[in-house]
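In listed order, ligands and their atoms are each counted from 1. Computed over heavy atoms, backbone and side chain alike; hydrogens, waters and symmetry mates excluded.
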Amino acid sequence: MSSALTTAITYGTYDLFHIGHVNLFRRIKERWDRLIVAVSTDEFNALKGKQSAVPFADRIELVRACRYVDLAIPETCWEQKADDIRRHQVQAFVMGDDWLGKFDELKALCEVVYLPRTEGVSSSELKQYIRA
Ligand code: CTP
């Protein structure tokens with residue numbers, strides 16, 4: 001049975017969950033009915049050479065607790081995006097515009113949208129600020 005509700009999906013680490021993440025989720029929910037957020041696991045981040053301050057179990061719980069998020073799932077590898085889009089009947093793959101053009105191959109499966117980032121905040125900058 002097909003649903004009339006539209007679904008968007010987005011991916012990220014969401015370390016030190018901040019206002020840039022909330023703004024992205026809110027903007028997505030202004031355009032699509034449901035939001036699925038895939039949160040990078042610690043193992044996947046290690047493959048990317050990234051290490052988060054907050055462990056995966058806590059990061060996904062924080063994302064799940066955000067009112068704009070309908071479903072939070074783990075992101076464990078680069079290749080899962082196409083499977084997720086098909087499995088969850090996704091209409092739009094959405095990322096901040098620091099990823100502009102990087103996922104255009106997914107246009108074969110659904111709409112691909114890059115939204116403007118919130119200026120002046122990032123997980124890396126927060127970590128630098130805390131360390132200083
Ligand atoms: N994002 C955003 N505005 C910000 C920071 C992030 O819209 N100020 C978006 C990114 O474009 C991405 C998602 O949030 O689509 C998850 O980004 P993530 O890498 O987890 O957050 P950053 O703060 O960008 O982390 P880092 O500094 O480690 O890159």
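Between T10 and ligand 1, a contact under 3.5 Å exists for no N or O pair. In terms of polar-atom proximity, P116 is not counted as a contact of ligand 1, lacking any N or O under 3.5 Å from an N or O of the ligand. For E125, no nitrogen or oxygen atom sits less than 3.5 Å from a nitrogen or oxygen atom of ligand 1, counting backbone and side chain alike. The N/O atoms of Y11, backbone and side chain alike, include none that comes under 3.5 Å of an N/O atom in ligand 1. The shortest N or O to N or O distance between M95 and ligand 1 is not under 3.5 Å. Annotation: T13 places an N or O atom under 3.5 Å from an N or O atom of ligand 1; distance criterion only.
Nearest protein heavy-atom contact of atom 12 (C) of ligand 1 is G96 N, 4.1 Å. The closest protein non-hydrogen atom to atom 17 (O) of ligand 1 is H21 NE2, 3.9 Å. Looking from atom 19 (O) of ligand 1 to the surrounding protein, the closest heavy atom is K50 NZ, 4.0 Å. Atom 3 (N) of ligand 1 has as its closest protein heavy atom T118 N, 3.1 Å. Remark: minimum distance from atom 24 (O) of ligand 1 to any protein heavy atom is reached at R117 NH1, 3.0 Å. Closest to atom 20 (O) of ligand 1 among all protein heavy atoms lies Y14 N, 2.9 Å.
For CD of E105, the number of neighbouring non-hydrogen atoms (other residues, nucleotides, ligands) closer than 6.0 Å is greater than 12.
Contact atoms of ligand 1 toward L24: 9 (C), 13 (C), 14 (O), 15 (O) (distance under 4.0 Å to a heavy atom of the residue). For ligand 1, the atoms lying closer than 4.0 Å to a non-hydrogen atom of V121 are 4 (C), 5 (C), 8 (N). Atoms of ligand 1 found under 4.0 Å from any heavy atom of S122, numbered from 1 in the order shown, are 23 (O), 27 (O).
The side-chain contact (heavy atoms from CB on, under 4.5 Å) test with S40 singles out one residue from N45, T76, L47, I60, and that residue is N45.
Taking only non-hydrogen atoms, the option from G120, S124, S123 nearest to atom 22 (P) of ligand 1 is S123.
In this structure, F17 and F25 have tilted ring planes: the angle between them lies in the 30° to 60° band.
Of the heavy atoms in D98, only side-chain atoms (C-beta onward) come closer than 4.0 Å to ligand 1.
Electrostatic pairing of K127 and D15 counts as a salt bridge here, judged by a charged N lying under 4.0 Å from a carboxylate O. E30 and R26 are joined by a salt bridge, as a carboxylate oxygen and a charged side-chain nitrogen come within less than 4.0 angstrom of each other. Looking at D98 and R117, a side-chain N of the basic residue comes within less than 4.0 Å of a carboxylate O on the acidic one, giving a salt bridge.
Ligand 1 has no atom lying under 4.0 Å from any heavy atom of E119.
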| task | Could you walk me through whether D84 and V90 pass side-chain contact (heavy atoms from CB on, under 4.5 Å), step by step? | result | CA-CA 8 Å; D84 292 341; V90 165; 5.9 Å; no

| task | Verify side-chain contact (heavy atoms from CB on, under 4.5 Å) between V94 and L115, making sure each step is shown before the conclusion. | result | CA-CA 7 Å; V94 187; L115 294 178; 3.7 Å; yes

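Annotation: side chain of L24 is not in contact with side chain of H21 (no heavy-atom distance under 4.5 Å).
A distance of 9.5 Å separates NE2 of H88 from OG1 of T7, quoted to the nearest 0.5 Å.
With a 6.0 Å cutoff to the six-membered ring centre and a 45° limit on the axis angle, K81 counts as a cation-pi contact of Y11.
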